[in-house]
Amino acid sequence: MKLHLRQIPAEGQHLEGETDCPIPDLAAEKVTCAGPLRYSLDVGITGHALWANGSLHQPVTLECVSCLQPFDYTIDVPAFAIHTELAGPETVDLMPYMREDILLNLPPYPNCARHGGRVCKAATVETTVDDAARAEQKREADWAALDKLKLRK
Ligand SMILES: [Zn+2]
């Protein structure tokens with residue numbers, strides 16, 4: 001997303017819209033864009049610097065680390081802010097900055113229950129196993145109690 005510096009008025013400008021997915025190369029990591037990047041930004045030029053702040057929203061499809069099922073998630077960057085010195089070119093590409101903040105806000109261990117509001121199938125299986133293990137331990141504890149009683153006699 002390129003900004004044409006000459007088109008930015010002295011008092012700054014509010015920009016809202018959609019632009020291309022900034023992370024098209026993450027398909028191998030099971031992160032794919034499910035739509036365009038939405039932005040709402042205030043931009044301006046102060047001296048020889050460009051500043052921008054606002055919010056970014058990137059809908060993605062992630063893969064759950066537990067059940068390996070894909071689920072929808074929106075990466076929110078509520079406080080996107082940059083301040084960069086202008087080196088002379090007439091355009092500044094915001095995409096590298098947006099990409100960096102999107103990556104920073106990507107869940108490192110996506111989980112469909114925690115991030116997707118779903119019931120994770122893997123979690124259900126784990127719970128069942130845990131319950132069985134607990135029941136087994138309880139049974140052993142009961143037998144141990146019985147054994148002690150026998151010893152006392
Ligand atoms: Zn899951």
Side-chain angles (χ1 to χ4, degrees), residues 1-138 140-141:
M1 181 199 166
K2 292 202 169 78
L3 292 181
H4 294 267
L5 301 178
R6 281 191 197 155
Q7 289 171 13
I8 300 174
E11 68 273 17
Q13 190 176 20
H14 184 71
L15 298 173
E16 253 185 77
E18 296 178 343
T19 188
D20 294 338
C21 167
I23 47 170
D25 52 325
L26 292 189
E29 338 259 325
K30 309 287 182 193
V31 178
T32 48
C33 286
L37 171 70
R38 300 197 311 275
Y39 59 85
S40 172
L41 298 175
D42 289 312
V43 300
I45 295 171
T46 306
H48 294 287
L50 170 82
W51 56 265
N53 57 57
S55 59
L56 309 176
H57 304 280
Q58 176 62 63
V60 288
T61 302
L62 303 177
E63 187 184 89
C64 176
V65 291
S66 297
C67 67
L68 306 182
Q69 294 297 307
F71 67 96
D72 295 329
Y73 181 74
T74 299
I75 303 171
D76 290 314
V77 182
F80 175 72
I82 64 162
H83 188 273
T84 180
E85 290 296 317
L86 296 171
E90 294 188 355
T91 59
V92 171
D93 191 2
L94 288 187
M95 201 58 114
Y97 301 101
M98 291 174 155
R99 174 185 161 84
E100 196 178 321
D101 273 39
I102 291 291
L103 289 177
L104 284 174
N105 285 276
L106 187 63
Y109 299 102
N111 180 283
C112 70
R114 201 177 327 133
H115 303 108
R118 304 205 311 192
V119 176
C120 184
K121 285 175 191 157
T124 314
V125 171
E126 268 168 33
T127 308
T128 314
V129 170
D130 282 352
D131 284 348
R134 254 195 298 275
E136 186 62 40
Q137 278 171 3
K138 188 177 179 307
E140 279 171 15

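For Pro107 against Pro110, the heavy-atom pair with the smallest separation is O-CD, 3.5 Å. Between Pro70 and Arg118, the closest heavy-atom pair is O-NH2, 3.2 Å. Across Cys112 and Cys67, no two heavy atoms sit closer than the pair SG-SG, 3.8 Å. Taking every heavy atom of both residues into account, Trp51 and Asp42 meet most closely at CZ3-O, 3.4 Å. Across Asn111 and Ser66, no two heavy atoms sit closer than the pair ND2-OG, 3.3 Å. Between Gly44 and Ile8, the shortest heavy-atom distance links the atoms CA-CG2, 4.0 Å.
For the pair Leu94/Tyr39, no side-chain contact is recorded, criterion being any heavy-atom separation below 4.5 Å from C-beta on. The shortest side-chain heavy-atom distance between His48 and Glu85 falls under the 4.5 Å cut-off. Between Gln58 and Asn105, the closest side-chain pair of non-hydrogen atoms is not below 4.5 Å. Side-chain contact between Thr19 and Met95: present, with at least one pair of heavy atoms (C-beta onward) separated by less than 4.5 Å. Within the 4.5 Å cutoff, no side-chain heavy atoms of Ile102 are placed close to those of Val60. Using a 4.5 Å heavy-atom cutoff, the side chains of Ile23 and Cys33 are in contact. In this structure, Ile82 and Glu100 have side chains that are not in contact, with every pair of non-hydrogen atoms separated by 4.5 Å or more. Within the 4.5 Å cutoff, the side chain of Gln13 has heavy atoms near those of the Val43 side chain.
To the nearest 0.5 angstrom, Leu26 atom CG is 8.0 Å from Cys21 atom SG. In this structure, CG on Leu62 lies 11.5 Å from CD on Glu29, to the nearest 0.5 angstrom. Once rounded to the nearest 0.5 Å, the distance linking CG of Asp93 with CG of Leu3 reads 8.5 Å. Atom CG of Leu56 and atom CD1 of Ile75 lie 10.0 Å apart (nearest 0.5 Å). Rounding to the nearest 0.5 angstrom, the gap separating the CG atom in Asp72 from the OG1 atom in Thr61 is 5.0 Å. The line from CG of Leu41 to OG of Ser55 is 7.0 Å long, rounded to the nearest 0.5 Å.
Taking the six-membered ring where tryptophan is involved, the planes of Phe71 and His115 are essentially parallel, since the angle between them stays under 30° and well short of 60°.
Remark: His83 NE2 is packed, more than 12 non-hydrogen atoms of other residues, nucleotides or ligands lying under 6.0 Å away.
Remark: side-chain polar atoms of His57 are not paired, donor with acceptor, to backbone N or O of Leu37 under 3.5 angstrom. The backbone N or O of Phe80 lies less than 3.5 Å from no partner atom in the side chain of Asn53, so there is not a single donor-acceptor pair.
Using a 4.0 Å cut-off between charged side-chain N and carboxylate O, Arg99 and Asp25 make a salt bridge.
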